[in-house]
Each structure stands twice: as structure tokens, then as C-alpha cells.
Amino acid sequence: MASELNKLTIADASSKLRGREITATQLTRDCLDRIAAAEPRLHAFITVCEREALEQARAADARLAAGNAPALCGIPLGIKDIYATRGIRTTCGSRILETFVPPFDATVIERLRADGAIFVGKTNMDEFAMGSSTENSAFGPTMNPHDIGRVAGGSSGGSAAAVAAYECLGALGTDTGGSIREPASFCGVVGIKPTYSRVSRYGVVAYASSLDQVGPFARSVRDAAIIIRTLAGKDARDSTCSARPVPDYERALTGDVKGLRIGVPREFFVEGMQPEVEKSVRSALKNYESLGASTVEISLPHTGYAIAAYYLVATAEASANLARYDGIRFGLRVNAEDNIALYETTRAHGFGAEVKRRIMLGTFALSAGYYDAYYLKAQKVRTLIRNDFERAFEKCDLIVTPVAPTTAFKIGEKMNEPLTMYLSDIFTISLNLAGLPGMSIPCGHDSNNLPIGMQLIAPPFAEETILRAGDAFERTGAFKPRTPAV
Amino acid sequence: MAGTKITLEQVRHVARLARLEWSPEQEERLRADMDEMLAYVDKLNELDTKEVAPTTQVGEAGMPMRDDEVTNRPAAEAMLANAPSSERGYFKVPKIIE
């Protein structure tokens, strides 16, 4: 019988590691055993790094024995396959990068390594982070640990599923339109998209640079706070990264939300939403009221335009960012008689359908004669969406909404309808357009035992408000996440 | 009835700009998908944005400056290790000049 150390939270594991009650090697082995047992049903990982992880674990144990190790020393994490990891294949879920082995580490990977964190593997994702279900991975979909007939969400579906299924204690994802929050909601874990510019993107494969942000998955708010403390902070290699000091996020977890003003946007409780989702979020709001917070109805009038604005801004930026995959310097090459034909056949074979569709839409939105009508128009609407939030935060400190209109949908259900798939991000996408921090936290289950997520939104750089409120909700014990079926 | 936000001719032009090759069957499906998306984003025109400034970035204002110093060592071999084709320290491509 396995010792199941893989089920510990990061906070508990860290204290046991530093108290020498357990070793990083035992903890890592339990995660690897769990991966071996669960992967045939889940497919949360593209690459499992058994040898590297055990080497890291030995180094962590030596450091733990010496004393004064950081909180993440010896903690096994899953890393979305979008992060450059030196010496470890980084595919971004794409055939075009199937054999790419980066010669460098992303800044956040470097920081996690410096703290002694352990990487058990690279997690599955929608190709180039384009998708809401992880079905767009060139390596096949990830299954939801609560029901393997359903999606894990996306694009960071592998990371969410791996954390939910105890394959690792925490994980990294990225969020461009909801790619951390939606899978966190579908898999019943905590996921945070920090403020735009809070965390360096150096070494993170770019999708839409004005929207992309790095963030963690974990099984508790405290664990997520521990991870973002290591991730956040200035980086000379990412000029968009903020120089603001990084707070000790764990200190924000006081359990006290007395006097907190919670805004509830009327546009987020719309027709077509699964009734159990609304019921769960409303019930969580009652919990907040009983803790001394107040709720106020607010309006975000341009919410209905966010998806349209997003799909122009994001695809335009993607069309430029993905121009580098041309078969010359790295990645797949499909030979042809001349260079132009080589680019065209390489890209036709290397990219999947959704990536190509988005490159096409973005190229069109930026092309001569259409720029003003599409791209510029979308950027102006983006301003209106930002203004909505600015006005709303005059009346409240935190906004609470559902993460997604439904719980996890069935595999294959939305694959042939791109627009329907895009609509699953309706509640998350406006935060990326406005650059705001947001968290998904489990708040209930539907009648099929599928997790429901609540989204907490704060003004820029107010991650502490989100963490404090999320932690306070966990402490009420009003809702206890179920152990997944797998 | 099929929409007319984008013609097959335009799809082929955009494909050329994006350096993407499509089969004739794929082109028609793609046109229909793009048409649906463009019809959807048309809803942005319900909004009057004449007086609205565009948002190009949401980060903190200004661009930080730093000294232009080399911080990484030359690593040509490591870079070429991922090349689909290389020879004598160069990336190799099909002949482009007769």
C-alpha cells in the first residue's frame, strides 16, 4: 500500500519535509507511482520526467538536511508544456515543436529550480494554448479526473487534471482568456491568473502577448499563494514585467473578510447558465455575508462584447507570434522545392486546425483595408471593458462570479463548433482584456458530481484581496471538494 | 444561406500572407468558419467608439531601460542542436539563388 504522500497539500508537505518527517524522494516517488497508475485514463502529461525528478529530489533532500530550505524545496510540481525547460522537451502541444529541447529555462522555471521545486513532468495543453478543453493537443485530449468522458477544460487542462488527481502537489499554467481558471473550475482545484505583468513571461511560448499571464494550480488557496510568491517579481528579461515589490501573500490569509464589499455583476448571471452553477455561487455569497462581508449588485455593461474583442486581439497577436515557426531554425521542417513552399507545407503539417484557423483570422484582422474595422475596433472596445471594471471597483473591493456557465462538458461535444467552444470563456475573458487578477476556487458540485468554480476578481495588483477572500471561504468548510473518481 | 463576410478569393490571399497551405476542400470549410466568426464579431459595431482611445497594452506605463550588455555566452552549438538541417555551424535551407 502506497503511503500516498502525494495527497498532501504543499503547506503540509513543506512542513513535514523541513521537519524531516518525510523525504522529497518518498514524496516524489508517490507522485510518480500515482502518475503511472492514473495516466492511462487521464493523459494529463505529455512528458513524464521520472529520472530528472528523482535527481531533483535527491538534491532537495540534501538541501533540506542542511536546513533553511525554501517553502517549495522538495515539492513535486507539474509544468505546462508551454514553459521552456532546459534539456526537457517542450512541445506546446504541437507537432511543430514535437522534438524541441530548449537550451534554456523560462524565468519562472529558473526561480522554481532555485527554490528546490521538483518537476515531475510537462503537462498536456491545447496546442499553443488555443482552446478551452485540451482537445486541441496534438498528443490527444486530457480526461477529467471526475468523469473521464468529459474534458478537463483548457488550455491548461493537463495541469488542472494532474493536481486534481494527486499526480503532483501543484502546477503551472498560463491564462490568456481563461486557460487557468476554466480548467481549475472543471477539475475542482484552485487556479490563479495574477495581474498582467505581475509574473515574467520570459521563456513562455507566446500566444497573445498583451493578454498572456503565468499562474499556479493548487489544492488550496494557501498553496497557490506559496507558489505565486516564488513566481512573481521583476525580470530584466521581460520588459513588460512589473517592478513592484512582491508581498508575502501568505500573510494575507487572515480569514477576516469583515467589511469587504463584494460586487455581483448582473450581466454574469445570464440565461443559458446551468442553474446549479448559479445556485452554488449565490450560496457562497451568503457565506461571505455571514462572515461580515457585504454584497452589492454592480454592472459591467460591455461583458457581452468581450469574446468578440478577444478573438480579434488574441488572433492578431497570435498571427504575429506564430510567424517564427517556419521550419528553418528549430522545430518541424517539411521539405519543398523552395523556401516559400517549405514555410507553407511545414506550417500546414505542423499546426493543428484550431491554430491555423486563429492565425488566419488574425492575419485577416491585421491585413490592409481591414485593420481599422477589426483590430482597431477591438482595441477600442477593450478600453470600454477596462472602464467598466474601473467604475465597478469604485463600489466594491472584490467581484464574485461563476467561472464558466456550465460544468465540464463531454469530450467531442464542442469540437466542430469553434464559436460554441469560445463561449465557454465568456466569464473569464474580460479579465485578460482588462489585465486584472482572478482566481477560480471550488464552491460546489452539480448533480453529476462535477465541480463548480467561483471566480474572484480584484483590481490590478490586489492579489492579496483575492487570496484572503478565497482562503476565508475555504475556512468556513461550507464546501469540501470531492476526491475525483480516477 | 452562406454568409459573405469573406470570399474564397480573400481566404486564399490571407493564406498566402500567413504562409499556410490549404487543400481546396479545407478552403471552403475555412471560409465558412471565418465567415461565422466575422459575423459574430460584427456585434462590436453596435458600440459607438468614435471618442474611445484604443487599449494597446494593460501593463504599467512606460518602458524600463537597461544597459545593453551581453549576459549570455555564445552557444551556437546549443542553438543548432534544434535545427532541422545544419552544416558547418549554419542553418541549412533550400537553394534560393540559381
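Below, read A as the first sequence line, B as the second, and so on, with proteins coming before strands; counting in each chain starts at 1.
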Engineer: What part of B:Leu20 is in contact with chain A, defined as an atom under 4.5 angstrom from a non-hydrogen atom: side chain, backbone, both or neither?
Structural biologist: both
Engineer: Can you pull out every salt bridge (Lys or Arg N to Asp or Glu O under 4.0 Å) where at least one residue sits in residues 375-384 of chain A? Sequence neighbours excluded, please.
Structural biologist: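 Every candidate salt bridge (Lys or Arg N to Asp or Glu O under 4.0 Å) pair involving residues 375-384 of chain A fails, so no pair, neighbours aside, qualifies.
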Engineer: Does anything in residues 306-315 of chain A reach chain B? List residues with heavy atoms under 4.5 Å apart, or say none.
Structural biologist: A:Ile307, A:Ala308, A:Ala309, A:Tyr311, A:Leu312
Engineer: Answer yes when A:Arg386 and A:Glu390 have at least one side-chain N-carboxylate O distance shorter than 4.0 Å, and no when they do not.
Structural biologist: no
Engineer: Holding to side-chain contact (heavy atoms from CB on, under 4.5 Å), I want the full list of residues that pass it with A:Asn321, two or more places apart in sequence or in another chain.
Structural biologist: A:Ala206, A:Ser209, A:Arg324
Engineer: Taking heavy atoms only and a threshold strictly under 4.5 Å, list by residue number the residues of residues 67-77 of chain B that touch chain A; give 'none' if the list is empty.
Structural biologist: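 Under the 4.5 Å heavy-atom cut-off, nothing qualifies.
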Engineer: Which bit of B:Leu44 comes within less than 4.5 Å of chain A, counting heavy atoms only: side chain, backbone, both or neither?
Structural biologist: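 It is both, since atoms from each part get that close.
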Engineer: Could you tell me which portion of A:Glu417 (side chain, backbone, both or neither) has an atom closer than 4.5 angstrom to a non-hydrogen atom of chain B?
Structural biologist: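 Neither part, no heavy atoms under 4.5 Å.
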Engineer: Of all of B:Asp42, B:Leu80, B:Val11, B:Thr56, which one pairs up most often with chain A through heavy atoms under 4.5 Å apart?
Structural biologist: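 Maximum pair count with chain A is reached by B:Thr56.
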Engineer: Checking ring-ring contact (aromatic ring centres under 6.0 Å, His included) for the pair A:Phe330/A:Phe100: CA distance, chi angles, key distance, verdict?
Structural biologist: CA-CA 7 Å; A:Phe330 56 91; A:Phe100 177 64; 5.4 Å; yes
Engineer: Measure B:Ala53 against the heavy atoms of chain A and call it side chain, backbone, both or neither at under 4.5 Å.
Structural biologist: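 Backbone only.
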Engineer: Do you see a donor-acceptor pair shorter than 3.5 Å between the side chains of A:Thr195 and A:Glu463?
Structural biologist: yes
